[in-house]
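One structure below.
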Amino acid sequence: MNDLAYCRGDKSLSRNYKFTSNRNEIEKLIHVDQIWEYLKFKCGDILAVSDLRGKNKEKFSYSELADLITKVSKSFINYGLVKGDVVTVISENSPRWLIADQGLMRLGAINAVRGINSPSVELDYIIEHSNSVGLIVQSKDTWLKLNQKEELKKKLKFIINLEDEQFENLISWSEFLKGGEKENSQNNVVKKDKLQIDDVATILYTSGTTGKPKGVPLTHANFLHQIINLAYIADPHPGTSVLSVLPIWHSYERSAEYFFFSCGCTQFYTIPKFLKDDITQIKPVVMATVPRLWEAIHDGFFQALKKMPSKKQKLLKFLIKNSSVVKKNFRKINNLDINQTTLIAKIPLLFSFSVRFPLHKLSTIFLWPSILRQLCGEKLKFPINGGGALPEHVDLFFESLGIDVLVGYGLTETSPVLTCRRRDLNVRGSSGQPLKFTEVKIVNEDKKKILKFREIGKILVKGPQVMKGYLNNDLATKDVLSNDGWFDTGDLGFLIPNGSLFITGRAKDTIVLSSGENIEPNPLETEILSSEFINQIQLVGQDKKCLTAIVVPNIELVENKFLEKDLTKLNLNKNARSFFKSQINNLLKSRLGSRSEEQILDCYFVDAFNLENGLLTQTLKQKRKEIEKLYSSQIDSMYEKQIKKENLI
């Protein structure tokens, strides 16, 4: 039984009991919004939030924020809102979003949230599907994007414009706030209605890439589990600077922000376009991030390195390599790796560590701080990464410089954090260990058998952060949630004995070749991204004899090597395609446990996947189906060339 892939989270994985024991008041809460009176008393004059790049650039202390939330809650009541009502909020990060969010929670109302870049048909669907009685939009442009405007004006109790513009009969933010100054006997409703911990707090919607988005109701209990138990991952103190760049309406950023606010942190809102500037200006101690942000910082450093004198380049690369070996050896010696290291195997590792450590120590004192100051502001202590696996070469680079990225794992349906690395149990390549009260098990295809440690299977989870079911969709709920509460994540992975979870891919992303061989593309793509010539990649090959690749090349390096930056001409350049094919296949061949099927036949160069062209999600994950559909003819042409070579047509 002891070798079965099952693990239940235990708070003993945290060493900072002093920090967690000082949060007893938070553990008594039954609603997220109740935290603000506590924070007003504890952190009143501390800056709570500052909007660096928004239109209004507002900032508020904890005392000011608590008072505004109370005022907004009263205003919602004066506009006829009652407990259980749903209000759709279509906006990006801003203090006003947060105030409206918490004001709604204060009276037991619910928000259905989405970003402004979502398709209009999706926004219309969310308003209708959630049965919203009110609407909050970021700006008049957001309002104009909607298709059923006249109908919405007739049926909704209010339509609020957060950016304060006077437009049509939308209620401006300043006008809405005045509603909270009016005395109304209905204001007693907030006190009379008995609030419950299982009240629905919000409705989040899945991406909808395979059909209409599914509504995910999350309760106050779901969020409070995150607020309480993320304290075993990070322990920031009041006034600690947090830089927020991910969309606040996404479950990952949302839970992270609630937790950071519960600690009295100062949160600064920025946007990806200004991240490089703001990260060096704010010098955050804490950040909730996704892999693409770390990859961008890593790639930016090495691009800058190429412009340095040759001798300086070689010296820096040598010192980074030295520190990398020191860190890798340290992990293996302390069994912070996928596999346990035997006592005999530790002897050469100890020798290598002792020889290299003095130079690493000098680098840590005199060199790495200045580099970190330029990359991420030097003070970063709790960089928490979610939304996907962090490429090993990127992970190791930051570890070498002294930053331990705490990689986590979760889904919208799980509020979202299920597992996260601990600073004292930071196993590279893993997504960490389960949070308290969270159970994880790895099962076979039909979910009837628990597999053994290190065996890859379906990841099932259970815990207080898991949703109770999709909104108005019993069929979809039954597909993922068992009667005894086990949620099928749709992901594949394995556990090791210390409880660390490794994600190997999405079950729905699995490529099945015509030979019947199953290929998990995610770990292969992560390996390929260690090539400096490749910025993004997607492997394809469903029902084909072999794999091919859609490649976003590093144009600057390609131009230097092949004297060409036009992608159309580059795709006609046999030398370029042959070079990239060799690069990719050599990297795949060097993987531990590589298979002959994990080689590509050909590749095709394309423009970057980004938010603007709709090929990335808001958390910067690739939309695999959309990418494959967009380049379907180019993919087919790669296979047709092979068929002609084999004289099959």
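The first residue in the sequence is number 1, and the count goes up from there.
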Sub-4.5 Å side-chain heavy-atom contact between Q542 and V512: yes

Aromatic ring pairing F609/Y631, orientation class (parallel under 30°, perpendicular over 60°, tilted between): tilted

Under 3.5 Å: donor-acceptor pair, side chain of D299, backbone of A296: no

Mutual orientation of the aromatic rings belonging to F301 and F397 [parallel < 30°, tilted 30-60°, perpendicular > 60°]: tilted

Backbone N/O of N575 and side chain of R577: donor-acceptor pair under 3.5 Å: no

Partners passing salt bridge (Lys or Arg N to Asp or Glu O under 4.0 Å) against E295 (at least two apart in sequence or in another chain): R292

Pairs involving residues 243-255, ordered by first then second residue, that meet salt bridge (charged side-chain N to carboxylate O under 4.0 Å, His left out) (sequence neighbours left out): D101-R254

Which residues share a ring pair (Phe, Tyr, Trp, His ring centres under 6.0 Å) with F579, sequence neighbours left out: F533, F562

Pair T419-Q433, side-chain donor/acceptor within less than 3.5 Å: no

Side chain to side chain, L204 and M467, heavy atoms closer than 4.5 Å: no

T489 versus Y409, side-chain donor and acceptor atoms under 3.5 Å: yes

E455/K452 salt bridge by N-O under 4.0 Å criterion: no

Flag for S482-D484: side-chain donor and acceptor within less than 3.5 Å: yes

Check: Y205 main-chain N/O paired with R114 side-chain donor or acceptor under 3.5 Å: yes

Residues, nucleotides or ligands: over 12 heavy atoms within 6.0 Å of K441 NZ: yes

Side chains of Q465 and T438, donor plus acceptor under 3.5 Å: yes

Taking every non-hydrogen atom, the tightest pair across L601 and C546: CB-SG, 3.6 Å

Non-neighbouring partners of R53 that pass salt bridge (Lys or Arg N to Asp or Glu O under 4.0 Å), sequence neighbours left out: D278

Any side-chain donor near an acceptor of the partner, T477 and D474, under 3.5 Å: no

Where V200 and P217 come nearest, the two heavy atoms and their spacing: CG1-CB, 4.0 Å

Pair L146-D124, side-chain contact (heavy atoms from CB on, under 4.5 Å): steps then yes or no: CA-CA 7 Å; L146 301 176; D124 292 335; 3.8 Å; yes

Y252 side chain vs T289 backbone, donor-acceptor pair below 3.5 Å: yes

Shortest non-hydrogen separation from V121 to N147 and the atoms involved: N-ND2, 4.2 Å

Any donor-acceptor N/O pair, N222 side chain to P464 backbone, under 3.5 Å: yes

Exercise: do T548 and Y604 side chains pair donor with acceptor under 3.5 Å: no

Centroid-centroid distance, H298 to F302, less than 6.0 Å: yes

Any E640 side-chain heavy atom under 4.5 Å of D636 side chain: yes

Note: K214-D479 ion pair, threshold 4.0 Å (strictly below): no

Check: S415/Q226 side-chain N/O donor and acceptor closer than 3.5 Å: no

Identified side chain to side chain contact (heavy atoms under 4.5 Å, CB included) counterpart of T202 within the set V113, V86, V89: V113

Under 3.5 Å donor-acceptor, S594 side chain and K589 backbone: yes

Under the salt bridge (Lys or Arg N to Asp or Glu O under 4.0 Å) test, residues paired with R454 that sit two or more places apart: none

Distance-minimising heavy-atom pair for L495 and V440: CD1-O, 3.8 Å

All salt bridge (Lys or Arg N to Asp or Glu O under 4.0 Å) counterparts of E399, not counting sequence neighbours: R331, R428

4.5 Å side-chain heavy-atom contact, I584 and L587: no

Aromatic ring pairing F398/W294, orientation class (parallel under 30°, perpendicular over 60°, tilted between): perpendicular

